[in-house]
Each structure stands twice: as structure tokens, then as C-alpha cells.
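What you see is a predicted model; the values in this text were computed from it and never measured. For ligands, and for the atoms within them, numbers begin at 1 and follow the listed sequence. Residues: numbered from 1 along the sequence shown.
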Amino acid sequence: MDSQQFREAATATIDEIITYFDTLGSRGVVSAVEPGYLRKLLPAEAPQDGEPWADIQKDIEAKIMPGITHWSHPGFHAFFPCATSYPSILGELYSAALSGACFNWICSPAVTELETVVLDWLAKLLGLPACFLSTGPTRGGGVIQGSASEAILTAMVAARDKYLRETLPFPYPLPSSTSSPATDSSDTDTETANAREEAIARKRARMVALGTTLTHSSARKAAQILGVRFRAVRVSARDGYALTAPALAAALAECRAQGLEPFFLAATLGTTDVCSVDDFAGVAEALDADYEAAAAAGVVFSGGGDGFGGRHGDGDGAGDGQRTTTNNGCAAVAGAQGQSRPGEVWVHVDAAYAGAALVCPEVQARVRIGLIERFHSFDMNMHKWLLVNFDASCFFVRDRDWLVRALGVNQAVYGNKASDGGLVTDYREWQIPLGRRFRSLKIWFVLRSYGVKGLQEYIRRTIALGEQFAASLRAREDLFEIVAGPSFALTVFRLAARSEGETLEERNALTRALYEKVNATGKIWLTSTVLDGRFAIRLMTGVRTTEREHVEAAVKTLVEVAEEVMKG
Ligand code: PLP
């Protein structure tokens with residue numbers, strides 16, 4: 001394809017994309033194809049000769065569109081949104097044109113520097129405490145990750161590394177000469193190295209990541225990948241499905257009593273099932289009390305300066321009972337934003353979806369976002385509810401060195417003057433992959449095109465749609481019962497009881513029938529969950545194209561089908 005052909009093809013493509021958005025409401029929301037549909041439509045092999053763009057483009061409507069579920073459809077009320085917008089699409093175009101694996105600053109200084117700037121803009125816009133800014137007092141900062149799952153894994157890797165450095169009675173990670181004994185090592189060196197490896201293995205086996213029964217499954221998956229335990233604290237309707245101080249305190253106490261070592265907690269701002277928000281003040285309070293109690297019991301010894309002296313009370317093996325000082329340089333984070341205490345539990349705030357609503361100052365005040373200055377990391381997906389297309393997961397840490405220590409590995413081929421001189425940020429050290437795309441462009445375009453006011457207007461409008469929906473359900477208490485919400489444009493509901501004697505199973509079956517019949521209409525798409533054994537339906541109103549009339553239409557469909565199900 002030459003430049004002229006590209007000009008024509010791109011014009012035709014943009015035209016088709018615009019028509020797609022303009023007529024989106026006339027399509028069914030969910031793809032209706034059967035598994036394997038596409039193989040039947042495509043040749044078994046790639047073509048020998050290149051084809052003209054016009055022929056290729058035709059296949060988008062003919063072969064691809066039937067297999068597309070339309071996440072920007074106004075009737076898409078499932079899961080959470082997966083955003084897109086014209087400015088974001090333009091960002092992707094430039095990013096594709098400027099393609100590079102921009103892992104180091106020198107690989108394209110603009111890629112790194114724009115990311116740092118726009119993530120600082122975003123942190124300020126969301127009202128995050130200054131410690132999460134690259135210019136803040138604690139060497140914090142943000143980095144774009146592919147997904148919230150990647151962010152939580154990255155946070156957990158850093159937390160594990162930080163915990164081991166601060167609590168093992170010897171340097172961690174081990175110097176390479178001792179971590180993998182060289183053949184010419186003396187027997188004594190080898191024995192010491194083996195004993196250390198053993199101590200690390202024992203400690204890892206006791207390390208626990210905590211979450212709740214409504215924490216997103218990515219936290220459990222991260223623990224699984226890292227080979228550490230995961231414990232879910234039960235949350236219930238009584239506490240609004242939020243993690244509270246007493247529940248966390250009980251879980252921590254249970255872990256300590258069992259000789260386990262909590263090192264990570266996933267707190268959530270906007271759980272996937274019901275959009276509940278954990279009690280940040282309660283979390284901080286419970287962790288403080290646990291830390292004090294553990295320190296008093298000799299489980300964690302406070303260190304300071306460039307090393308953390310003291311014994312970690314393993315009580316079961318190599319490395320125990322020694323009073324040593326690590327030389328890992330893991331200084332406590334100084335400054336107004338709070339000290340990091342050695343061996344403390346790392347708190348990651350997963351705000352994957354609802355974090356977007358923090359663009360509104362009233363939401364910042366309601367969730368008391370300032371409290372997270374006590375915590376260690378925060379992540380939100382602009383690609384969910386903030387008009388940037390997938391992928392744009394914005395991950396912030398209070399001290400970037402926590403990431404760099406855990407993930408910054410050297411390989412001669414990546415050395416360069418700027419990096420070696422410590423002058424620049426190399427984002428490869430803040431993430432799991434090496435290469436990275438120019439993702440900040442689309443964020444920059446969206447922030448500039450909509451402006452703060454435009455983003456606030458969008459979030460407030462979609463939250464109001466959620467309230468409109470919940471009010472319509474309340475007006476039909478004969479048919480529906482709200483189980484949770486509306487919260488951040490999400491309402492969770494089930495069918496009202498038909499009679500006093502109706503069992504949970506009967507009501508679950510009827511609610512499921514409602515859910516399946518409504519989805520079968522193809523007009524809207526809903527997802528479901530199970531809360532304390534109750535089958536419930538989730539309806540989210542965050543999609544950019546959804547307007548009042550679409551919510552009214554969704555209510556109409558639900559009422560019609562619910563009346564039918566109730567009668568049946
Ligand atoms: N955390 C929460 C609260 C979520 O709702 C989700 C997905 O919806 C995730 C994490 C995982 O998001 P991702 O697909 O970006 O990994």
C-alpha cells in the first residue's frame with residue numbers, strides 16, 4: 001500500500017467507522033454467531049497475492065461485524081463499560097504510525113515524558129494525594145499498564161520484594177554469587193547460600209495476600225502467579241459489601257495466630273459485583289493496630305535509615321533467631337505523606353472502574369480519597385469509564401523505587417548514557433513487559449478534547465442515568481427489589497418475592513428466567529452475579545452512547561418480561 005492508496009483506504013475506513021457509530025443503536029448488542037463461525041467464512045491459508053483494500057474492507061461488515069458484541073451500544077449494560085471516543089481513536093492512529101518498543105527514555109523521549117506529564121494531570125484530576133505524583137514528596141508517580149490485572153500483579157511483585165527486603169535477616173535479593181553458588185565456591189559459601197534460599201522459600205510459603213470475597217479475581221490470580229497464599233475476608237450486605245476495620249482486624253489476627261505473614265491487601269473502590277467501596281479509614285486503623293501488635297510480639301522489627309535490623313519471628317527455620325541488618329538501602333519513605341514501616345502490609349487500591357468518577361470533586365469527598373496517602377499503590381482503568389479505548393490502566397505508586405527495585409533488571413544491550421546516568425525514567429523498570437506502546441497520546445487527546453468539565457459532565461450524566469434506572473425499579477416494587485446501589489452507575493436487583501413463602505431457590509430461578517429472557521430479546525445486554533446465595537442482575541449505565549431514552553427502553557423491556565415471568 002503506497003501513500004496515495006493509504007490516503008484513500010484511510011478515508012474510506014474513517015467514513016465507515018463514523019457510520020458505525022452513527023447507526024450503532026440499530027444493531028443487536030450481542031453477537032449471535034455460533035462458535036467457529038469465522039473459520040467457515042475464511043480461506044484456509046493466507047492469500048498468495050496482495051488484495052486491494054476495497055476487498056479487504058468489505059469483509060469487515062460481511063465477516064467480522066456478525067461476530068462483534070458492541071460495547072459502545074446504548075443498550076450495553078453488562079459488566080462495566082469498555083470505552084472509546086473519537087479523540088482516543090486518533091491517539092491510536094498516531095501511536096500505530098509512530099510504532100516503537102519504547103521501554104527506555106531514549107527509545108523515544110516524548111513517549112516517556114508525555115506519559116509522566118499526563119499521569120500527573122490525571123492524578124491531580126482524580127484528587128490523588130501528592131505522594132502519587134512524579135513531582136510529589138515521596139518519589140511517586142504513575143505508569144500506564146495494559147490492564148488492572150497487570151497492575152495488581154505488578155503491585156504484588158513490588159510488595160513481595162519490599163517485604164522480603166525488609167524482613168529477611170540478610171540482603172535480598174541475594175548477590176548473584178551467593179544466590180546461585182558458583183562451582184568454585186567453598187563448601188561454606190554454598191551452605192550459607194542454600195540456607196538463605198531455604199529461608200526465603202519458607203518465608204514465601206507463609207506470605208499472605210488479603211482481599212475480600214468481592215475483590216476482583218485478578219488479586220487471587222496475582223497471588224497464584226507469585227506462589228503466595230490468598231485469603232478472602234468475607235464481606236456482607238450488612239456492611240454494604242465493604243471491608244471494615246473489625247473484619248480486617250479479625251482476618252489479620254487469624255493469619256498471625258496461624259504463623260502466616262500478611263504482606264499485601266487489595267482494597268477496592270468500586271467492586272465488580274456491586275460497586276461497593278472499602279472503608280479506607282477502617283483499613284488503615286486495622287493495619288496500624290496489627291502492626292503495633294505484631295511489632296510488640298517481635299514479629300516485625302522496625303528498622304530505619306538504609307537497613308532494617310532485627311529478627312523476623314519465623315520461629316521455624318533458617319535465618320531465624322538472628323539479629324542482623326540488611327543492607328538493601330530500602331529507606332523508609334520520608335515526608336509529609338507518611339512513613340513506610342518495614343514489613344508493613346502493602347495496600348493496593350483497585351479502582352479499575354469507579355476510579356473514573358473521582359474526576360468529580362463530590363466523589364473525591366464522598367470516598368475520602370485523601371486517606372489513600374497511607375496506602376502504597378492505586379490503579380484505575382481510563383479504558384473502562386473515562387473515554388479512552390483499551391488499553392489504558394493508570395497505575396500509581398507512592399515510591400517508584402519499590403517498582404524499580406523489584407523489576408529493574410539490567411542487560412547490557414539496554415544500557416545508554418541517559419539511563420546509566422540516572423537522568424531519566426525508564427518505564428521498563430516499572431512494569432512486567434519490556435516493550436511498551438505510545439499509550440499516553442490517546443489519554444492526552446481525550447483529556448484535551450473533553451477538558452475536565454467535559455469528563456465531569458459525562459460521569460455525572462451516566463451516574464444520573466443509574467439513579468433514573470433505580471428510581472424506575474423502586475416505582476415497581478411489586479416486580480423488583482434492589483439488592484445494591486445505585487452506586488457509580490450500577491444497580492443490582494432481583495425479582496420481588498411473589499409470595500411470603502417463596503424459597504430462595506424459587507426466587508433465584510425466577511430472577512434467572514427474567515435475566516435470560518431479557519438478554520434473549522437482543523435489545524439490551526445485562527450480566528448477573530450471586531450475592532449471599534441470591535441470584536441478582538446487574539445493570540450499568542456508563543456507556544457513552546446511553547441516554548435517558550435508552551434507560552427508559554431498558555426499563556420497559558424489563559417490566560414486560562418481569563410481568564410475564566411473575567405470571568408464569
Ligand atoms: N478490578 C475490578 C474492580 C474490575 O471490575 C475489573 C474488571 O472489570 C478488574 C479489576 C480487571 O480489569 P482488567 O480487565 O483491566 O484486568
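Listed by chain and number, residues touching ligand 1 at under 4.0 Å (heavy atoms only) are F80, S147, A148, S149, H216, S218, G270, T272, D350, A352, N381, H383, K384.
Under 3.5 Å, the side chains of R234 and T213 contain no donor-acceptor pair of N or O atoms. Under the 3.5 Å distance criterion, with hydrogens and angles disregarded, no donor-acceptor pair is assigned to the side chains of S72 and T545.
Using a 4.0 Å cut-off between charged nitrogen and carboxylate oxygen, R165 and D161 count as a salt-bridge pair. Between E429 and R400 no salt bridge is recorded (no basic side-chain N to carboxylate O distance below 4.0 Å).
With sequence neighbours excluded, the residues that form a side chain to side chain contact (heavy atoms under 4.5 Å, CB included) with R437 are E92, S95, D391, R439, K442.
With E261 as the partner, the salt bridge (Lys or Arg N to Asp or Glu O under 4.0 Å) test is satisfied by one option alone out of R206, R160, R204: R206.
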